[in-house]
Each structure stands twice: as structure tokens, then as C-alpha cells.
4 protein chains.
Amino acid sequence: MGRPRDPALDGAILDAAQALLEEAGCSGFTMEGVASRAGTGKQTLYRRWPSRGELLIDLYYRDPMPPPPLDGPLAAALDGFLELNLQRLYHPWHQNLLRSLAVAAQEDAALKAVMLARITRPRLELGRAIFRRAEAAGEVPAGLDAEPILEGAIGAIWFRLLFTEEPVTPALKPRLLRAMLAQARGPAPGKGTG
Amino acid sequence: MGRPRDPALDGAILDAAQALLEEAGCSGFTMEGVASRAGTGKQTLYRRWPSRGELLIDLYYRDPMPPPPLDGPLAAALDGFLELNLQRLYHPWHQNLLRSLAVAAQEDAALKAVMLARITRPRLELGRAIFRRAEAAGEVPAGLDAEPILEGAIGAIWFRLLFTEEPVTPALKPRLLRAMLAQARGPAPGKGTG
Amino acid sequence: MGRPRDPALDGAILDAAQALLEEAGCSGFTMEGVASRAGTGKQTLYRRWPSRGELLIDLYYRDPMPPPPLDGPLAAALDGFLELNLQRLYHPWHQNLLRSLAVAAQEDAALKAVMLARITRPRLELGRAIFRRAEAAGEVPAGLDAEPILEGAIGAIWFRLLFTEEPVTPALKPRLLRAMLAQARGPAPGKGTG
Amino acid sequence: MGRPRDPALDGAILDAAQALLEEAGCSGFTMEGVASRAGTGKQTLYRRWPSRGELLIDLYYRDPMPPPPLDGPLAAALDGFLELNLQRLYHPWHQNLLRSLAVAAQEDAALKAVMLARITRPRLELGRAIFRRAEAAGEVPAGLDAEPILEGAIGAIWFRLLFTEEPVTPALKPRLLRAMLAQARGPAPGKGTG
DNA sequence: CCGTAAACGAGACGGTACGTCCTGTCTTCTA
DNA sequence: TAGAAGACAGGACGTACCGTCTCGTTTACGG
């Protein structure tokens with residue numbers, strides 16, 4: 001019943017949000033700013049997204065990256081995995097998006113859960129799948145603890161983004177890949193923790 | 001010249017800030033709240049710390065952790081390094097502190113620089129020193145790229161803290177240590193990047 | 001367009017302002033106080049009145065006095081004129097209102113202009129009209145300089161209110177009326193300026 | 001005992017206060033501003049004057065006007081009386097001084113009393129003396145109510161100063177003098193209150 | 001001539017109000 | 001009912017003064 005939601009608005013609002021994110025950065029990203037830039041009322045925003053954070057999440061999901069091939073050799077799969085995590089960060093506005101998401105998640109437990117469910121967990125799960133397959137293929141030692149490898153790789157990217165002034169560039173990928181593979185080989189026979 | 005700042009106030013304010021951080025969490029940590037809880041005027045806060053973030057940094061530096069022993073074997077040094085990064089996180093209020101710092105750094109470029117100079121960079125440098133010494137001692141291959149190892153370890157901790165619901169417990173340390181050592185062994189002869 | 005301002009709030013805010021003026025007096029009359037007493041946000045105040053002074057002016061205009069009859073004999077008209085200027089002052093809160101207005105006008109040139117246009121000038125003009133009519137009716141000498149008579153009467157009231165501890169009572173009216181009429185009779189033949 | 005107050009400071013502070021009053025006007029006249037402009041500490045101000053208002057009063061009394069001759073004919077005495085009230089107002093900074101005094105008196109009952117005792121009452125008393133003498137000399141009717149005449153004259157000046165944009169010029173004097181004399185002649189035989 | 005006590009500059013201090021900004025909810029009018 | 005517009009209560013921001021206080025330094029005076 002009643003007037004249906006204007007589907008074109010979703011895009012227009014997300015466009016406005018993206019532009020604002022690019023220009024005003026992390027702290028300048030306000031609901032009021034998005035509304036005025038999109039030429040909509042605030043209610044129209046809140047009708048679609050219950051909070052600033054959910055809008056950010058939808059912004060994140062807007063142009064989904066193609067998932068990496070899971071069926072190649074481990075190195076190729078991990079390369080895809082890293083590409084998936086890095087690619088968006090090559091554009092400044094997307095860096096601001098992720099930074100804003102990180103901020104929002106700290107201030108709102110509900111959003112943290114959403115972000116975990118819709119972004120973090122799926123990504124981790126994908127990484128786990130890669131390692132499960134590699135284990136089955138005998139590419140990595142049986143019983144390998146993949147968790148630190150994944151958290152280390154994703155964490156290193158976040159670390160760069162949030163706390164470092166060095167940009168996130170494609171040059172980061174091979175270094176991370178090497179690090180992941182080094183761990184994937186499992187405990188070396190020679191030098192140990194001793 | 002003029003009346004010197006009351007040194008007792010620094011402590012009282014930091015106490016209040018810490019208590020507020022514990023109770024109200026990341027988003028409830030306001031300058032107004034700290035002032036009222038400390039029983040001071042807001043000006044007294046701003047006189048000491050130009051922004052919320054700088055206060056957080058001083059809060060961070062309040063009880064410094066003892067630096068790890070640099071002269072033992074690599075594994076021991078890295079264990080100390082991880083302990084240094086993890087120990088504070090065992091207390092909930094300190095988790096909130098670091099979360100708040102992460103948030104503040106995103107919203108204020110100046111603070112990000114300060115945090116980089118006073119927290120992030122020193123910590124990284126300490127890690128680098130460990131690896132330099134290990135390299136000199138022949139514990140790790142010459143020319144080892146230590147950066148991803150350090151960023152991976154620190155990043156993994158931040159990742160847990162900021163995006164995960166799983167707590168940061170002492171149990172995390174051995175897993176991270178194993179991961180660091182796996183990378184430290186350098187390029188294994190067998191399976192390579194292909 | 002948009003949601004219209006709640007007309008009931010205007011009254012509620014003015015009520016609160018009036019009460020505050022009565023209790024806290026001239027210096028205790030703050031925007032914050034009015035807002036909290038009215039149960040509104042400060043913005044709601046500033047949306048309606050750009051400054052404390054404009055609020056005071058609206059408070060002044062709230063219950064307008066009936067204008068004096070202009071068509072009777074001079075003495076009756078002047079009596080009405082004085083009544084118009086005095087009546088409000090019989091209530092303490094209104095005294096505080098006028099005192100506050102006087103203060104605000106000194107601190108804000110813009111408000112001074114508003115007060116001149118909306119209160120002072122109309123009142124003077126009304127007095128001038130009385131004398132113009134009296135002149136036409138032959139009740140006062142032609143070419144009488146009415147200005148000092150009006151300014152003297154109004155000024156004497158303000159003087160009492162602002163600088164004297166003696167209250168402004170109805171007893172003041174006949175004395176002021178006599179003074180105005182004495183001047184209205186024009187230059188006496190006998191004793192002159194010499 | 002102890003170090004005596006530096007007498008030169010009184011003058012320096014009053015100079016600074018005067019300059020600030022001229023430049024910053026009524027609302028910009030703060031104790032902090034005076035202190036910084038005079039190059040003194042705030043305590044030095046408060047040691048001499050318990051409040052902003054008392055400082056203003058001393059500023060008022062700095063260059064006392066010579067009192068009018070009381071022994072001439074009524075018109076001359078009243079001319080002197082008016083001159084005494086008007087003269088200071090010919091200089092802009094003194095206008096600001098009086099405006100500030102008026103403001104301060106509304107906000108601080110204690111100051112109002114001081115101002116009444118040291119400025120208002122003496123001035124009124126001087127006017128009353130003039131009329132008492134004139135009554136004794138037979139220049140005015142016996143039992144003349146001088147109060148409204150004095151309050152009207154002084155009030156008219158304050159009125160101009162506080163609420164009008166028209167400047168207080170020497171041209172005001174003869175008009176006020178005429179008004180005072182008109183009332184001084186007492187009840188005219190011809191037209192009455194009716 | 002030397003101690004003492006107050007004056008002095010400087011500025012910290014608790015407090016109060018300022019005027020602005022943003023939040024998320026609400027209410028109106030116009031499709 | 002959606003949508004643009006914008007009012008609304010609430011809360012924090014960072015700033016400005018208030019009048020009091022505490023420093024270190026300076027300067028008279030009284031023993």
C-alpha cells in the first residue's frame with residue numbers, strides 16, 4: 001500500500017555518501033551531510049539504514065570484488081585472497097570508507113556485530129576454505145593453524161590503513177603473500193623455538 | 001611563569017579518564033565527562049591536552065611496560081615483544097583505551113601523527129632491532145624482510161581488538177609467536193611461491 | 001516548507017523566560033536557563049530568537065497595553081500615555097524585563113536598533129501625536145517643543161527603574177503628569193530665562 | 001607592613017581601562033582585558049577594586065567636573081547643573097563608561113547601591129539644593145515639587161544615551177534648560193489639569 | 001643591613017554560559 | 001505511504017570570563 005520507495009534514491013544517496021566520504025573524510029561523514037548532498041530528507045536515509053554504520057556497510061558492498069579462484073594452487077588462491085582484501089584500498093575514498101567503518105564499529109556494538117557477520121567473518125571463512133583445500137591437496141602440513149596466518153595478513157592491511165602514513169599500494173601484495181606462504185609451510189625442521 | 005600547574009591534578013584527571021573509559025566505553029569517553037568526574041573545569045583539561053586524543057595517549061603511557069630482553073635468543077625476544085603488545089589488553093579498560101585511540105586517530109590527522117611517533121613507530125623499531133640482532137647472530141637468514149612479520153603480529157592483535165568479539169587473552173601469544181618464527185626462518189627450500 | 005515550528009512552544013518558552021526573569025533577575029537570565037526550564041533544546045531558542053535580546057523584546061510585546069485615548073483633552077491623553085509607560089512596571093518581573101532589555105541594548109548595537117524601532121520610537125511617536133493634536137486644538141502654544149517633555153517623562157521612569165531603589169508605583173503618575181502639563185503650557189510671561 | 005602598593009599603577013590601570021572602554025565598548029570591557037592591557041596581573045586589579053563596577057566608578061570620578069555656581073540666579077545654576085551632567089558625555093569613551101556603569105548596576109545590586117550613593121544621590125542632592133535656594137530667594141513658588149524636574153532632566157539625558165542613536169551634544173542643554181524652567185515656574189493660573 | 005611581609009606578573013583553577021553541530025525522532029505538506 | 005523539508009530534545013564541542021588561588025620575584029619598612 002502507499003507510495004513505493006523510489007529505487008533510484010538508493011543509488012543517489014550512496015553516490016552522495018561516497019562523494020562526501022572522499023571529500024570530507026572520516027570525521028566529516030555525517031548523516032546530515034549525506035542527506036543535504038543527496039538532496040533528500042534525513043528520514044529517507046533512516047528509512048533505508050538504521051544508522052550511519054549500516055549505510056557504510058552498504059557502501060562497502062556496493063561494487064563487490066570477484067572472489068578469488070579457489071581451485072588453483074595455494075599461492076594463486078592466496079594471491080586472490082589478498083587481492084580481494086587490498087583492491088578496494090587503492091582508491092582513497094574507499095580507504096576512508098573502511099576507516100569510517102572501523103570507527104563506527106568501536107562506537108556501536110550492534111554495528112560491530114553486523115560488520116563481523118557481513119564483512120569480517122565471510123572473509124575469514126573464505127581464507128579458511130583456501131587452507132582447507134590446500135590441506136586436502138597436501139600443499140600444507142596437516143593440522144596447520146591457519147588462523148594466525150589469516151589474521152596476520154588481514155591485520156597487517158588494517159594496521160597500515162589505520163595507523164600508518166604509508167599508503168596501501170599494490171606493492172604490498174607480494175610481501176604479504178610471501179609471509180603467508182612462509183607460515184603455510186609449517187614448522188621447519190631446522191631451527192625451532194628451542 | 002605564574003602559578004604552576006597542579007601536578008596532582010594530572011593524576012586525578014587521568015584516574016577519572018581511566019574510570020570513565022572503563023565504565024562508559026569508547027563512545028562515552030567525553031571531555032565533559034572526564035572533567036566532571038575529575039571535578040575540574042574543562043579548561044584545565046584543554047590546558048594540558050589539546051584534544052581528547054592526546055589525553056588518551058598520555059593515558060596509554062601512564063604505566064609503561066618493561067621492554068623485552070633484547071639479548072636472549074630470538075624466540076625469547078619475540079616473546080617479550082608480544083608480551084609488550086598484549087599485556088595491557090588483558091584489562092578491559094585498556095582495551096577501550098586502545099579502541100578509543102584507534103578511533104581518534106582516524107578523525108584527527110594530527111593525532112594520527114602523534115600516535116605514530118609515540119606508539120606505533122617505537123614499537124615497530126623495537127621489533128626491527130630484535131630482528132637486526134637475530135640477523136647478526138645468524139638466527140635468521142640475511143636480508144630477511146622483517147616488516148611483514150612485525151606488521152602481521154601487531155596487525156593481528158589490533159584486528160582481534162577492533163573487529164572481533166573474541167577476547168584478547170594470553171592464549172593468543174604462543175600462536176602469534178609460532179607464526180612469527182615460521183616467517184623468521186626465511187624462504188624454505190622446498191615449496192616456493194612457484 | 002518542512003515541519004512547522006510548534007506554536008505552543010513559543011508560549012511555553014516565553015512562560016519559562018518570564019518565570020526565570022522573575023526569580024533569577026537580570027543577570028540570571030540566561031539562554032541555557034530558559035531552555036532547561038522550558039524543557040527544550042537551546043537550538044529551539046536560537047531558531048526563534050537570534051539572541052537573548054530579541055527574546056526579551058518578544059517578551060515585552062507579549063501582553064500589549066491598550067493605547068491611550070487620543071481624542072480626549074490633553075490631560076487625559078497624557079494620563080493615558082503615562083499609564084502606557086508605567087503600567088507594566090507595577091509587576092516585578094516586568095521591571096526585570098525592562099532592566100534586562102536596557103542591558104542587552106548596551107551590549108549589542110543591533111538589538112539597540114531593534115529596540116529603538118519596536119519600542120522606543122513608537123512610544124515617542126505616540127507622544128508626539130498627542131501634542132500635535134493638542135496643538136491643533138489650541139490646548140498648547142503653537143510651535144511647542146514637545147520632545148523634551150516626552151523624553152523627560154520617559155527618561156524619569158527609566159531613571160527610577162535603573163538607578164534608584166525607590167519602586168515604580170502608581171503614585172508616580174500624577175507627579176509626572178503635572179510636570180508634563182507644566183511644560184506644555186509653554187513659556188510663561190513672568191519669570192523667564194533672563 | 002610589607003611592600004606598599006605602587007601608586008603609579010592606579011593611574012596606569014585606569015588609563016588602560018579607559019582605552020579599552022573606548023575601543024572595545026561596553027561589552028568588551030573585561031577585567032582580563034584591562035589587566036592584560038595594563039600589563040598587570042588580575043589580582044592587582046581585584047586588590048584595588050572588588051569588582052568591575054567599582055573600577056568603573058573610580059574611572060568616573062577620575063576627572064571631576066567643577067560644581068556649578070550655586071549662588072547665581074536659578075537659570076544660571078540650572079545651566080551649571082546640566083553642564084555637570086552633560087559635559088562628560090561629549091567624549092565617546094565617557095559615553096561607554098556611563099553605559100557600562102548602567103549595565104553593571106543592573107547586574108549587581110551592591111554596585112547599584114554604590115552608584116546610587118556616590119553618583120546618583122549626590123547629583124540629585126545638588127539639584128535639590130539649587131531649588132531650595134531658589135525657593136528661599138522667591139524665584140520659584142513655595143512648596144514646588146522639584147523632584148520630577150530633576151529626574152526628568154537627568155532621565156532625559158540617560159534616555160538619550162542608553163536608548164537613542166542621536167548623540168548627546170551641547171545642543172541638548174538649552175532645550176533641557178527651557179524644560180526645567182518651565183516646570184520651575186510652578187502651576188500656571190490659566191489652563192490646568194482640567 | 002637584613003629579615004619579613006605585602007605587592008606584583010603571571011597564570012592555573014572550578015565554574016558558568018556561550019553559540020554551534022550532529023544525533024535520531026517527529027511532524028508537516030506535496031506528490 | 002514516500003519523500004523533501006526541517007523542527008525537536010538532547011548532548012558534546014571548544015572558547016571566553018569570572019573571581020580566587022598560588023607561584024617566584026621585587027621592594028619597602030622595622031628591628
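Per chain, numbering begins at 1; letters A, B, ... match sequence-line order.
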Donor-acceptor contacts, no H, no angles, side chain residues 17-30 of chain D, under 3.5 Å, sequence neighbours left out:
unit_1, atom_1, unit_2, atom_2, d
D/Gln18, OE1, D/Arg62, NH1, 3.3
D/Glu23, OE1, D/Arg37, NH2, 2.7
D/Glu23, OE2, D/Arg37, NH1, 3.4
D/Thr30, OG1, D/Gly33, N, 2.9

> Taking CG from A/Asp108 and C1' from E/dG24, how many angstroms apart are they, rounded to a whole number?
Replying inline: 13 Å
>> Can you measure A/Leu45 atom CG to E/dT25 atom C1' for me and round it to whole angstrom units?
In response: 14 Å
> Does the side chain of B/Thr44 get closer than 4.0 angstrom to OP1 or OP2 of E/dG14 through an N or O atom?
Replying inline: yes
>> Without decimals, in angstroms, what is the distance between A/Tyr46 OH and E/dT27 P?
In response: 17 Å
> With distance as the sole criterion, do the side chain of B/Gln43 and the base of F/dC18 form a donor-acceptor contact below 3.5 Å?
Replying inline: no
> With A/Arg88, which residues qualify under salt bridge (Lys or Arg N to Asp or Glu O under 4.0 Å), at least two apart?
Replying inline: A/Asp63
>> Classify C/Gly33 by what it touches in the nucleic acid, base, sugar-phosphate, or nothing, heavy-atom distance under 4.0 Å.
In response: nothing
> Which residues in residues 47-61 of chain D have at least one heavy atom lying under 4.0 Å from any atom of DNA chain E?
Replying inline: D/Arg47, D/Arg48
> Looking only at N and O atoms, is any donor in the side chain of B/Lys42 or the base of F/dG14 less than 3.5 Å from an acceptor on the other one?
Replying inline: yes
> Rounded to the nearest Å, what distance is computed from the CD atom of residue A/Glu107 to the C1' atom of nucleotide E/dC22?
Replying inline: 13 Å
>> Looking at every non-hydrogen atom in both residues, tell me the closest pair between A/Arg52 and A/Ala104 and how far apart they are.
In response: NH2-CB, 4.5 Å
>> Among residues 7-32 of chain B, which ones have heavy-atom contacts with DNA chain E below 4.0 Å?
In response: B/Leu9
> Residues in side chain to side chain donor-acceptor pair (under 3.5 Å) with B/Asp58, at least two apart?
Replying inline: B/Trp49
> Is there a donor-acceptor contact under 3.5 Å from the side chain of C/Arg99 to the main chain of C/Leu161?
Replying inline: yes
>> Walk along nucleotides 26-31 of chain F from 5' to 3' and tag each nucleotide B, S or - by protein heavy-atom contact under 4.0 Å, base first, then sugar-phosphate.
In response: BBS---
> What is the distance, rounded to the nearest whole Å, between atom CZ of A/Arg5 and atom C1' of F/dA4?
Replying inline: 16 Å
>> Among residues at least two apart in sequence or on other chains, which ones pass side chain to side chain donor-acceptor pair (under 3.5 Å) with A/Tyr60?
In response: A/Arg123
> Do any pairs count as a side chain to side chain donor-acceptor pair (under 3.5 Å) and have a residue in residues 103-118 of chain D, sequence neighbours left out, and if so which ones?
Replying inline: none
> Looking at residues at least two apart in the chain, or sitting in another chain, which of them share a side chain to side chain contact (heavy atoms under 4.5 Å, CB included) with B/Thr164?
Replying inline: B/Phe159, B/Glu166
> Looking at residues at least two apart in the chain, or sitting in another chain, which of them share a side chain to side chain donor-acceptor pair (under 3.5 Å) with B/Gln43?
Replying inline: none
>> Distance check, rounded to the nearest 0.5 Å: D/Leu162 atom CG versus C/Leu101 atom CG?
In response: 12.5 Å
>> Among residues at least two apart in sequence or on other chains, which ones pass side chain to side chain contact (heavy atoms under 4.5 Å, CB included) with B/Asp10?
In response: B/Arg48
